[in-house]
Every structure is written in structure tokens, then in C-alpha cells.
Amino acid sequence: MVASNDRISPLYFAYRRKSENYEHKETFHSHLGVEVLLIHQGKGTMIVNNISYEIKPGMLCIFQPCQLHHLKLEYDDHQCFERSIAIFEPTVYESYFKQWPALHEFYNFIYLGNLPFPCLYEVDDPYLDSAYKSMHDRFPTLTGTEKYEEISLFLVALFRSLKQIWDKRKERGTTYPARRKNHRVEHILNWIETNYKVPFRLDDMAKSLHLSPYHLSHLFKEATGISITEYIAARRIHQSIQLLATTKKPISLIAEEIGLTNSSYFCKLFKSQMGITPHQYRKKWTST
């Protein structure tokens, strides 16, 4: 799945959700809103902005709207992936922050700014967990208009904790979190980022990266859990989402701009990933 329908839902929320025995299988994806992900347990690799990060307990991740990311989890030795998640449309709740200027500025920075890193390690903040738990206890009973008020209160508490965590790291001089040394895969991702808008040929890619096609495919699949073709498809759909939402370009032209000369194939691929056609997606976006 490349993008969720979180724009038409006030909040996608989960508290300490657990996955075991390889049940959590994701491809590269993005959301129309901001995602705040707190990892309680788990091991694996996360790829954000073409950089690999090691997944560890106590890891806090912030994904901005339409930011492509991917988690590859390791379930050896009975490992469990446990996380708390909040995904929301930031513009809906911005007005609730205006009475606190410093917090409002931080809120805007998180969803609009150029974040120096998407992840923080060794986050042990009881107030952050308490904010998720409190919302978890209240969420099932919320109805109608009270949802937005309760969600806004949760987000204020959440961002207050996030700001304190962020400011402490700045005071300690922390810049970028440790990342997994996987430069070859990052070279592959960078090549894709430069070339995904043109028709893809594995032999051309392998020649450019000085690897055999087999080794190239094996290396990428081992690091990410999906094939190069699957990733390029996800990246193309991700770009098409932005073009559908922000331009009036014909669907046939959008298909060409993401490297697909056949618009019928593009529509079929889009529907398989998104559940609706590009036309339906654009209509839903412009009508909400």
C-alpha cells in the first residue's frame, strides 16, 4: 500500500499494537498526513529518504506528509514488533495550537519544515507513552463532533512531549541518529530516485551501478524485503499521488511523467495499490 486514506479520517491511531511471526509485511508507502511512530519492541531496518536506519526499541519516528518510508522487520528468536501510531491531517488541527506560540511554531516545523532527521533513538519519556495510553482509553467512546476536540487535546499533549524530547536533544548537541551502514543499497535507491521517471531496464541499472543484474536484485531484496520492480512501482505511484492532488494535468500525461507510457497500465497499477482509480482519487482529493 502506498498511501492510506488518513486525510478523510480525523485520526488513525493504535496503542502498543503487536505483530509476530512475519504478520507485519509492508511495502514502501506514505500517508497524506503526519505519522508519529513510537517503537516499543522490534528489530530490523527502516528506509527513509534513501537512508537506512536500524530499528530499535525506544525509537521515535516522525514522517511528514507524503514522505516515502519502509520497515523491514526481523522476527528471528521470537522477536515481536510493538508500536504506537498516530496519523492525522495537520492542517485540520493547527488552529488548536495557536494559543501556545512556541508549541504552534514547533507543530508547523514538524509538518512543514526541513527536518534534519526522521528518527530519534533511546526515547524514554513517560509523558509520551501516557499521551498514547490516555487516547487509547478514550478513543473507542468518542462520537461526532467531540472527536475533533478530544483528538486535538491528544495532539497538544503529544506535541508538548515531542517538543521537550526534541529540545533536549538539541541542547545535548545531538544531530543525526546512528544509521545502518548500507551504502550500496543507498546508492541503488539514489539511482532509482534519479531514474524512476524513465522506463526501467534492470540491465541498464546494473551496468550503471557496476553490478550484475542478479547481485543487484538479490542485494536490494535482502535489504528491503521487496524487489526493485515493486519499489519503483511504489515510487511512481507516490509521485502520481502528488501530481493528481496538486495539478490539473491529464492522467495520460501524469503516466508519462512517472515513466509509464501506457496510461491504461498506469490506471490498473494505481488501482491495485490504492483501491481506486486515479480519476476517483483526484475527485476525492479535490472534494474534501
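Small disclaimer: the values here were computed from a predicted structure and weren't measured.
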Using the six-membered ring wherever Trp is involved, compare the ring planes of Phe97 and Tyr107 and label them parallel, tilted or perpendicular (cut-offs 30° and 60°). parallel
Do Ser240 and Tyr281 touch side chain to side chain, with heavy atoms closer than 4.5 Å? no
Quick one: does Gln273's side chain have a donor or acceptor within less than 3.5 Å of a partner on His238's backbone? no
Test item: Leu211 and His187 side chains (from C-beta on) under 4.5 Å apart, heavy atoms: no
Report yes if the side chains of Val34 and Phe88 come closer than 4.5 Å at any heavy-atom pair, otherwise no. yes
So which atom in Met205 and which in Ile192 form the shortest heavy-atom distance, rounded to 0.1 Å? CE-CG1, 3.6 Å
Let's go through Leu68 and Arg235 carefully: what are the C-alpha distance in whole Å and the side-chain angles of both, what is the deciding distance for side-chain contact (heavy atoms from CB on, under 4.5 Å) to 0.1 Å, and is it a yes or a no? CA-CA 8 Å; Leu68 206 59; Arg235 183 64 185 91; 3.5 Å; yes
Just by modelled atom types, is the Pro213 backbone N or O under 3.5 Å from a matching donor or acceptor in the Ser217 side chain? yes
Can the ring centroids of Phe154 and Phe139 be said to lie less than 6.0 angstrom from one another? no
Where Trp100 and Tyr96 come nearest, the two heavy atoms and their spacing: CZ3-O, 3.3 Å
So Phe200 and Asn195, do their side chains get closer than 4.5 Å, heavy atoms only? no
Are any of the side-chain nitrogens in Asp137 or Lys133 under 4.0 Å away from the carboxylate oxygens of its partner? yes
Backbone N/O of Ala131 and side chain of Ser134: donor-acceptor pair under 3.5 Å: no
Would a 4.5 Å heavy-atom cut-off, applied to side chains only, mark Val36 and Leu60 as touching? yes
Is the distance from the ring center of Phe117 to that of Trp166 below 6.0 Å? yes
In Å, rounded to the nearest 0.5 Å, how long is the span from CD1 of Ile276 to NZ of Lys283? 11.0 Å
Does the side chain of Ile62 reach to within under 4.5 Å of the side chain of Pro118, using non-hydrogen atoms? no
Which heavy atom of Glu54 sits nearest a heavy atom of Tyr121, and at what distance? O-OH, 2.6 Å
Once rounded to the nearest 0.5 Å, what's the spacing between atom CZ of Arg83 and atom CG of Leu73? 8.0 Å
Using 0.5 Å steps for rounding, measure from the CG atom of Leu71 to the CD1 atom of Ile55. 4.0 Å
Taking everything shown except Glu105 itself, do over 12 heavy atoms lie less than 6.0 Å from its CD? no
Rounded to the nearest 0.5 Å, what separation is found between the OG atom of Ser272 and the CD1 atom of Ile237? 7.0 Å
Transitive ILVMFWY side-chain link Leu253 to Phe266, under 4.5 Å: no
Under 4.5 Å between side-chain heavy atoms, counting indirect links through other Ile/Leu/Val/Met/Phe/Trp/Tyr residues: same cluster for Phe13 and Ile151 or not? yes
Can a side-chain donor-acceptor contact be found between Tyr111 and Glu94 if the only test is distance below 3.5 angstrom? yes
Closer than 3.5 angstrom, by distance alone: can the side chain of Arg236 be matched with the main-chain N or O of Tyr196 as a donor-acceptor pair? yes
Quick one: closest heavy-atom pair of Gln64 and Gly113, and the distance? NE2-O, 2.8 Å
Worked verdict on Phe81 versus Tyr75 for side-chain contact (heavy atoms from CB on, under 4.5 Å): CA-CA 8 Å; Phe81 180 48; Tyr75 289 100; 4.2 Å; yes
Is there a side-chain contact between Leu120 and Ile165 in this structure, where contact means two heavy atoms from C-beta onward sitting under 4.5 Å apart? yes
Heavy atoms of other groups near Lys43 NZ, more than 12 under 6.0 Å: no
Could you tell me whether Lys163 and Asp167 have a side-chain N and a carboxylate O separated by less than 4.0 Å? yes
Using 30° and 60° as the class boundaries, would you call the ring planes of Tyr214 and His218 parallel, tilted or perpendicular? parallel
Taking the inter-plane angle between the rings of Tyr132 and Tyr15 on a 0 to 90° scale, is it parallel (under 30°), tilted (30 to 60°) or perpendicular (over 60°)? parallel
Above 12 or not: heavy atoms from other molecules or residues under 6.0 Å from CZ of Arg16? yes
Can you tell me how far the CD atom of Glu150 sits from the CE atom of Met135, to the nearest 0.5 Å? 7.0 Å
When you look at Leu189 and Tyr231, which way does the side-chain contact (heavy atoms from CB on, under 4.5 Å) test go after all the steps? CA-CA 9 Å; Leu189 287 164; Tyr231 175 74; 3.7 Å; yes
Can you name the nearest heavy-atom pair linking Trp191 to Ser208, along with the distance? NE1-OG, 3.1 Å
Can you tell me if CZ on Phe109 sees more than 12 non-hydrogen neighbours from other groups inside 6.0 Å? yes
Basic-acidic side-chain contact under 4.0 Å: Glu122, Lys56: no
In one Ile/Leu/Val/Met/Phe/Trp/Tyr side-chain cluster, 4.5 Å: Leu219, Leu216: yes
Which is it for Glu35 and Cys61 under the side-chain contact (heavy atoms from CB on, under 4.5 Å) test, yes or no, and what are the steps along the way? CA-CA 8 Å; Glu35 176 180 357; Cys61 308; over 6 Å; no
If hydrophobic clusters are built from ILVMFWY residues whose side chains come within less than 4.5 Å, do Ile85 and Ile39 share one? yes
What one should report as the nearest heavy-atom pair of Leu128 and Asp125 is N-OD1, 2.8 Å
Student check: side-chain heavy atoms of Met274 and Leu244 closer than 4.5 Å: no
Can you tell me if Ser130 uses its side chain to pair, donor with acceptor, with the backbone of Tyr127 under 3.5 Å? no
Nearest 0.5 angstrom please: Leu243 CG to Ile251 CD1, how far? 11.5 Å
